[in-house]
Peer 1: 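The structure under discussion is supplied below as structure tokens; questions concerning it will follow.
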2 protein chains.
Amino acid sequence: MRLAQKRIAGPVRKAKIIQSAASLFAKKGFSGTKTREIAQRAGVSEALIFKHFPSKEDLYAAILAKESPVPGLLSKVKSLAGEQKDVEVFSVIARTVVGGAPDSDLMRLILFSALENHEMSDMFFHNHIRVFYDFLAGYIQQRIDDGAFQPVQPLIAARAFMGMLIYHRLLTVLFQAQLPQPAEDISQTFVNIMMNGLKIPSPEGAFRMSDQIKKPRKRTARKV
Amino acid sequence: MRLAQKRIAGPVRKAKIIQSAASLFAKKGFSGTKTREIAQRAGVSEALIFKHFPSKEDLYAAILAKESPVPGLLSKVKSLAGEQKDVEVFSVIARTVVGGAPDSDLMRLILFSALENHEMSDMFFHNHIRVFYDFLAGYIQQRIDDGAFQPVQPLIAARAFMGMLIYHRLLTVLFQAQLPQPAEDISQTFVNIMMNGLKIPSPEGAFRMSDQIKKPRKRTARKV
DNA sequence: ACATGGTAAGTAAATACTTACTATAATGGA
DNA sequence: TCCATTATAGTAAGTATTTACTTACCATGT
């Protein structure tokens, strides 16, 4: 029974196979995806897959190796960073992630490749997520030096912020745990907490919990 | 060649099979784990697995169904919550997660089961992580009502905090991305940021970014 | 003697990949 | 312009191995 509707140029067909395979690898992982399924999804015979790729493993590697450029976003964030617009810097990153980038399939591929211990998973993760992470740590360090941020470890702070965003995406992608609020409200709440924290400052103004946390000795009751 | 060294009581052998299977399912996922490997890890024949479990799928379900009680931790947190010790409430949760609970295998099982779309993955996730999440949201709401916390959406704030912690664990479990600081410092930095934010407050004291974020209209330069 | 724990050997189906062939489009000479 | 040849796209049928699971029997404890 005829599978491919019409003969297509080799590179076009290869791209279609890659697209079909990526979708299935994202959904089921490497081990859970069968080459018969990839062929069916691509609308070709199984044998044709092996005309284009030496093995299933090579097809998978080709997918992870694909560049997925940050679409001009890092340069925009860097521009805002140059102007020290703290809220905007964090907001642009928050809107991007909470708004759905990387997309669901890419999120799932990153996770599956890491869990399945694929040798390229570190590189894959770096290309898509850690690029913001590293930039943020540098920016936070600069703002601490400027006296605008309290003196925390920049890498920990960057991880805290990316953690809010990525965890939110994980809950929606893996557990369909959407929140009823619009994405804009959610991202702004994350930025607000990151900038200001939950606590309403006491009238002493600049009193900071970091001093209290660092010195866990007993304190006498304080009169206010 | 003899596999089992000695005949063992059925329930003990069953527990050994479960333990071996859990370890492999955490490492390789359901599809990536073969029943021959489980048998080898457990030191028995493949046939014996099917004396205890009707199918591989049933063995997997038995693993996900296992209760893993939060070891008295939630009650401790609730006690602190009763005394409105904000920093301690968040700190105990932070130390627990940053310090390594749930453990690596459990983290990986939660993720694999979600990615592989197992029907019990929601329940599994709830038993191990969402229990703190729901409690936190309630506590944050209460503290907002008390006037101690700024008025944010409690579920978003709870997700923000759990996100810091869980993301940190993900990076260490999946990418071996340990930070050089001790776990105690890391968890305290997370709590500090959650309570106080990054920004050093301006001299106006109670001026809050949440007002600024909500109204993104242009502002004239302000003299200070 | 019986109950229970355990396995070697096997089955049927699934799986990644190969082979030998067919179908179709492009090319170049007449 | 036509047609034979060549290049390339594509598949049916197959192979060797893997996989989850079964069967018929053996070994051991009560």
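Labels below follow one simple rule: chain letters A, B, ... track the order of the sequence lines, proteins then strands, and each chain is numbered from 1. Since the structure is predicted, the reported quantities are computational estimates derived from the model, not experimental observations.
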Peer 1: Without decimals, in angstroms, what is the distance between B/Ile8 CD1 and D/dA27 P?
Peer 2: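 In whole Å, D/dA27 P lies 19 Å from B/Ile8 CD1.
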Peer 1: Under 4.0 angstrom, heavy atoms only, what part of the nucleic acid is B/Ser31 near: base, sugar-phosphate, or nothing?
Peer 2: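 Since no nucleic acid heavy atom lies under 4.0 Å of B/Ser31, the category is nothing.
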Peer 1: Please state how far atom NZ in B/Lys14 lies from atom P in C/dT4, giving the value in whole angstrom units.
Peer 2: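 It is 15 Å, rounded to the nearest whole Å.
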Peer 1: Starting at atom CG of A/Leu48, determine the distance to atom P of C/dT24, rounded to an integer number of angstrom.
Peer 2: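 Atom-to-atom, A/Leu48 to C/dT24, this comes out as 15 Å.
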Peer 1: Both B/His52 and A/Lys51 contact DNA chain C. Taking the nearest nucleotide for each, which residue is further toward the 5' end?
Peer 2: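 Nearer the 5' end of the strand: B/His52.
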Peer 1: Write down the distance between CG (A/Leu59) and P (C/dT15), rounded to a whole number of angstrom.
Peer 2: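 Taking atom P of C/dT15 as the reference, CG of A/Leu59 is at 16 Å.
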Peer 1: Hey, are B/Glu116 and A/Lys28 close enough for a salt bridge, meaning a charged N less than 4.0 Å from a carboxylate O?
Peer 2: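 Judged by the 4.0 Å cut-off on N to carboxylate O distance, B/Glu116 and A/Lys28 do not form a salt bridge.
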Peer 1: Considering only C/dT7, D/dG10, D/dA20, which nucleotide approaches the side chain of A/Arg13 most closely?
Peer 2: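 Shortest atom-to-atom distance from the side chain points to D/dG10.
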Peer 1: Please determine whether any donor N or O and acceptor N or O are separated by less than 3.5 Å between the side chain of A/Arg7 and the base of D/dT8.
Peer 2: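 Between D/dT8 and A/Arg7, which were checked side chain against base, a qualifying N/O pair under 3.5 Å is present.
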Peer 1: Is the charged tip of B/Lys56 near the ring of B/Phe30: under 6.0 Å from the six-membered ring centre and within 45° of its axis?
Peer 2: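 Yes - B/Lys56 lies over the ring of B/Phe30, closer than 6.0 Å to its centre and within 45° of its axis.
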Peer 1: Can you tell me the distance, in whole Å, between the CZ atom of A/Arg36 and the C1' atom of D/dT18?
Peer 2: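 Result: 15 Å.
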Peer 1: In this structure, how many angstroms lie between the C1' atom of D/dT19 and the CD1 atom of B/Ile38, rounded?
Peer 2: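 So the CD1-C1' distance, B/Ile38 to D/dT19, works out to 12 Å.
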Peer 1: If you draw a 6.0 Å radius around NZ in B/Lys76, do more than 12 non-hydrogen atoms from other residues or ligands fall strictly inside?
Peer 2: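 12 or below, so no.
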Peer 1: From C-beta outward on B/Lys34, which listed nucleotide comes closest to its side chain: D/dT11, C/dA8, D/dT19?
Peer 2: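 Side chain of B/Lys34 sits closest to D/dT19.
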Peer 1: For B/Glu46 and D/dT23, give me the distance from atom CD to atom P, rounded to whole Å.
Peer 2: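 Roughly 15 Å, once rounded to whole Å.
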Peer 1: Nearest to the side chain of B/Ala47, which nucleotide is it out of D/dT11, C/dA8, D/dC21?
Peer 2: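 Closest of the options to the side chain of B/Ala47: C/dA8.
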Peer 1: Once the angle between the rings of A/Phe125 and B/Phe175 is folded into 0 to 90°, is it parallel (under 30°), tilted (30 to 60°) or perpendicular (over 60°)?
Peer 2: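 Answer is parallel, since the angle falls under 30°.
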Peer 1: As a test of reading the structure: which of D/dT11, C/dA16, C/dT7 is closest to the side chain of A/Phe50, going by heavy atoms?
Peer 2: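 Taking heavy atoms from C-beta onward, the closest nucleotide is C/dA16.
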Peer 1: In whole angstrom, what separates A/Gln40's CD from C/dT15's P?
Peer 2: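 After rounding, the gap between these two atoms is 11 Å.
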Peer 1: Determine whether A/Asp185 and B/Gln153 make a side-chain contact, defined as any pair of heavy atoms from C-beta on separated by less than 4.5 Å.
Peer 2: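 A/Asp185 does not reach B/Gln153 side chain to side chain.
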Peer 1: Does OP1 or OP2 of D/dA20 have a side-chain N or O of B/Thr35 closer than 4.0 Å?
Peer 2: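 Looking at the OP1 and OP2 atoms of D/dA20, one of them is under 4.0 Å from a side-chain N or O of B/Thr35.
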